J.: 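Take this structure first; my questions come after.
Only a predicted model underlies this, so the values are computations on that prediction, with no experimental measurement involved.
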Amino acid sequence: MRKMIMAVVTAAAITAVIPLAQGTAHADPVPSDCHSGIYYQKYKTWASCNSGSGYVRAVAKCPTGTTYGPWVVVSSGISGQSVATCSGNRNATGHSYQIKKY
């Protein structure tokens, strides 16, 4: 009888904890206050974010198509800079960025 009571108590405790564990997932906001532009070398674009957590990458609109820079970590307002480069050093015709969560 004692083992049965312990099994029921253990099952109840696990059932109570599982919803709490799901709610404690990474709740940081996505990257925000993001900016992009074209470098003085017109074939490169850049992107970075000033707040939030996740990743950002530069997007370059090129005469031959769209090129993407590497994903760069954004964490607690610290961000590197992602750079996208048009092939053949052709001038970028536009710039933007993409963001995603961790």
J.: Counting neighbours of NZ on Lys100 that are heavy atoms of other residues, nucleotides or ligands and sit closer than 6.0 Å, is the number greater than 12?
T.: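 Yes, because the 6.0 Å sphere around NZ of Lys100 holds more than 12 heavy atoms from other groups.
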
J.: Within 45 degrees of the axis of the six-membered ring of Tyr43 and under 6.0 Å from its centre: does Arg90 put its NZ or CZ there?
T.: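 Output no; distance or angle outside limits.
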
J.: Can Thr64 and Ser87 be said to form a side chain to side chain contact (heavy atoms under 4.5 Å, CB included), step by step?
T.: CA-CA 8 Å; Thr64 57; Ser87 65; 3.7 Å; yes

J.: Tell me the closest heavy-atom pair linking Asp33 and Ser51, and the distance in Å.
T.: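 Reported closest heavy-atom pair: CB-OG, 3.9 Å.
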
J.: Distance check, rounded to the nearest 0.5 Å: Tyr39 atom OH versus Gln81 atom CD?
T.: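 Output value for this atom pair is 3.5 Å.
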
J.: For Ser53 and Ser75, what are the C-alpha separation, side-chain angles and deciding distance, and is it a side chain to side chain donor-acceptor pair (under 3.5 Å)?
T.: CA-CA 5 Å; Ser53 297; Ser75 178; 4.8 Å; no

J.: Please report the shortest heavy-atom distance between Ala84 and Thr67, naming the atom on each side.
T.: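 Taking Ala84 first and Thr67 second, the nearest heavy atoms are CB-O, 3.7 Å.
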
J.: Is a side-chain N or O of Ser82 found less than 3.5 angstrom from the main chain of Ala58, in a donor-acceptor match?
T.: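 A pair under 3.5 Å: yes.
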
J.: About how many Å separate NZ of Lys44 and CG of Asn89, when rounded to the nearest 0.5 Å?
T.: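 Between atom CG of Asn89 and atom NZ of Lys44 there are 8.5 Å.
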
J.: Going from OG1 on Thr85 to CD on Gln41, what distance comes out if it is rounded to the nearest 0.5 angstrom?
T.: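 The OG1 atom of Thr85 sits 8.5 Å away from the CD atom of Gln41.
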
J.: Tell me whether Tyr97 is reachable from Val30 by hopping between hydrophobic residues (I, L, V, M, F, W, Y) whose side-chain heavy atoms are closer than 4.5 Å.
T.: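 Val30 clusters together with Tyr97.
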
J.: Which pair of non-hydrogen atoms, one from Thr45 and one from Val59, has the smallest distance, and what is that distance?
T.: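 In terms of heavy atoms, the two residues are closest at OG1-O, 3.5 Å.
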
J.: Do Tyr68 and Trp71 share a hydrophobic cluster, counting only Ile, Leu, Val, Met, Phe, Trp and Tyr and linking them when any side-chain heavy atoms are less than 4.5 Å apart?
T.: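 No.
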
J.: Side chains of Ser36 and Ser96: is there a donor and an acceptor less than 3.5 Å apart?
T.: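 Judged by distance alone, the side chains do not pair up.
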
J.: Assess the residue pair Val73 and Tyr55 against the criterion (side chain to side chain contact (heavy atoms under 4.5 Å, CB included)); give the C-alpha distance rounded to whole Å, side-chain angles, the decisive distance to 0.1 Å, and a yes or no.
T.: CA-CA 5 Å; Val73 173; Tyr55 302 93; 3.7 Å; yes

J.: To the nearest 0.5 Å, what is the distance between CD1 (Ile99) and OG (Ser32)?
T.: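 One gets 7.5 Å once the value is rounded to the nearest 0.5 Å.
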
J.: Between Thr93 and Lys61, is there a donor-acceptor pair closer than 3.5 Å when you use the side chain of the first and the backbone of the second?
T.: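 Looks like yes, one N/O pair under 3.5 Å.
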
